[in-house]
Number of protein chains: 2
Amino acid sequence: MGSDTRARLLEAAAQLFREQGYAATGLKQITAEAGAPWGSLYHFFPGGKEQLGVETVGHSGARYQRLFDLVYERAEVGADEAVRDMFRLSAEALETSGWADGCPIATVALEAASTSEPLRHACADVFAGWRAATARRFASEGIEPAEDLAVYVFAAFEGALILSRTGHDAGPLRVTADIVARTIRDRRPRSETASGV
Amino acid sequence: MGSDTRARLLEAAAQLFREQGYAATGLKQITAEAGAPWGSLYHFFPGGKEQLGVETVGHSGARYQRLFDLVYERAEVGADEAVRDMFRLSAEALETSGWADGCPIATVALEAASTSEPLRHACADVFAGWRAATARRFASEGIEPAEDLAVYVFAAFEGALILSRTGHDAGPLRVTADIVARTIRDRRPRSETASGV
DNA sequence: CGGATACTAGATAGATCGATCTAGAGAGAG
DNA sequence: CTCTCTCTAGATCGATCTATCTAGTATCCG
């Protein structure tokens, strides 16, 4: 093993794909950013750019997943508050990065949707993983239908990220978080103590 | 004027940007698809690819806007049903096109967010226009806060489109439509006749 | 008819793209 | 030590990218 070149390549690719997208990012730029030699790229990723893309999507997806897990573990208050935190954290990351760090998957997903089946499939897998983890959490709190609500949350999340990033305005993320969190809260099972407004 | 070459270039660019994105689409491919001579491209768009991109975004945005207007005019039943129709129509377009025709703006918006200010701004304007039109409709029915709910609807819409297109599954659009439409319905002002479950 | 303008046509430039190739450095095993 | 395998290093290839440039054709006005 020895070198971490491969990891640095993945990391650099993740960052660049997130900011600029897949097509606009050149392999030369990735090796430069990673401080990796050109020859190493095809050593570690003999499948070329597409393989690097697929692995990068998986890498970014797993990392983002961990961020969701963190939010869910931390929130003792319930899933609705966890959802709100997830939106809030992303809004902060987006804003402090100068509106650069949006969803690490969405841009590639849209670019690849009709141009690369392996890449599209990798993105679909990531989304499915996020959804499944969230659905488990909802189900464990009796929030049903858990699968549908998880899909709904991620749809609103991804869309709000697009609107906020494009408009350089965290408003959409904030506004959407409020409404979505309320929707989730309203689906919580009745507890013995009133859960009024 | 005479020729419609300029319009055909815009149309071809709109279709290709929608399917493949901005960076992955070459100018040569656009002229070929439009059946337009290469020389005409820089005659009509002296600003090059970026100008073509900006005008294409405006063109696509206006056309999609008309589709929203149609839905809103047709729906005598109320804004919540109009929202549902908007999701349903997009789901049909997406599915019948073989998962190619998603949002004509979103892909370019994400690609351009950190790479081209003119392009990003054009996308932001389109989103703002959609939101404003929807907010007016909500407000006219007494659905408040109209602006926030319009943002929320478009966030959920854009996100659901991404999930459905990436997964080759209309489920996210359908599921999200249900929940969002219900949220809008719940915000309608109390009428004299009960508006129960 | 002449002459200006609008548009077409495509060659060409220069840069950069992804990908392949050969050569060599480095470390660990025997 | 020497052999072997992993990884580095970068030259190089053909294709394609955006953009510019020069001609040539059509069209409309007088």
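Just so it is clear: chains get the letters A, B, ... in the order the sequence lines come, proteins before strands, and each one is counted from 1. Values below: all heavy atoms of this structure, side chains included; hydrogens, waters and symmetry mates excluded.
Within the structure, salt bridge (charged side-chain N to carboxylate O under 4.0 Å, His left out) pairs that include any residue of residues 156-181 of chain B comprise R84(B)-D178(B) (at least two apart or interchain).
Whole-Å rounding puts the Q51(B) CD to dT18(D) C1' distance at 14 Å. One interatomic measurement links the two molecules: NE2 of H43(B) to C1' of dG10(C), which rounds to 16 Å at whole-angstrom precision. Atom-to-atom, CZ of R6(A) to P of dT6(D) comes out at 14 Å; the value is rounded to the nearest Å. In this structure, the CZ atom of F45(B) is 15 Å from the C1' atom of dT8(C), given to the nearest Å. Atom CG of D4(B) is separated from atom C1' of dT8(C) by 14 Å (rounded to the nearest Å).
The side chain to side chain contact (heavy atoms under 4.5 Å, CB included) search around S164(A) returns L94(A), P172(A), L173(A), not counting sequence neighbours. Annotation: side chain to side chain contact (heavy atoms under 4.5 Å, CB included) contacts of A122(A) (sequence neighbours excluded): V54(A), V57(A). When the side chain to side chain contact (heavy atoms under 4.5 Å, CB included) test is applied to A128(A), the partners found at least two apart in sequence or on another chain are R131(A). Taking A139(A) as the reference, E144(A), A146(A) meet the side chain to side chain contact (heavy atoms under 4.5 Å, CB included) condition, with sequence neighbours excluded.
Within the structure, every side-chain polar atom (N or O) of T5(B) is placed at least 4.0 Å from both OP1 and OP2 of dC7(C). Between S40(A) and dC7(D), a side-chain N or O to OP1/OP2 separation shorter than 4.0 Å is absent.
In this structure, a donor-acceptor pair under 3.5 Å is absent between the side chains of S114(B) and E19(A).
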N/O to N/O distances under 3.5 Å, protein versus nucleotides 16-23 of chain C:
residue	atom	partner	partner atom	Å
dG18(C)	OP1	T25(A)	O	3.4
dG18(C)	OP1	K49(A)	NZ	3.0
dG18(C)	OP2	L27(A)	N	2.7
dA19(C)	OP2	Y42(A)	OH	2.7
dA19(C)	OP2	K49(A)	N	2.9
dA19(C)	O5'	Y42(A)	OH	3.1
dA19(C)	N6	W38(A)	NE1	3.3
dT20(C)	O4	W38(A)	NE1	2.8

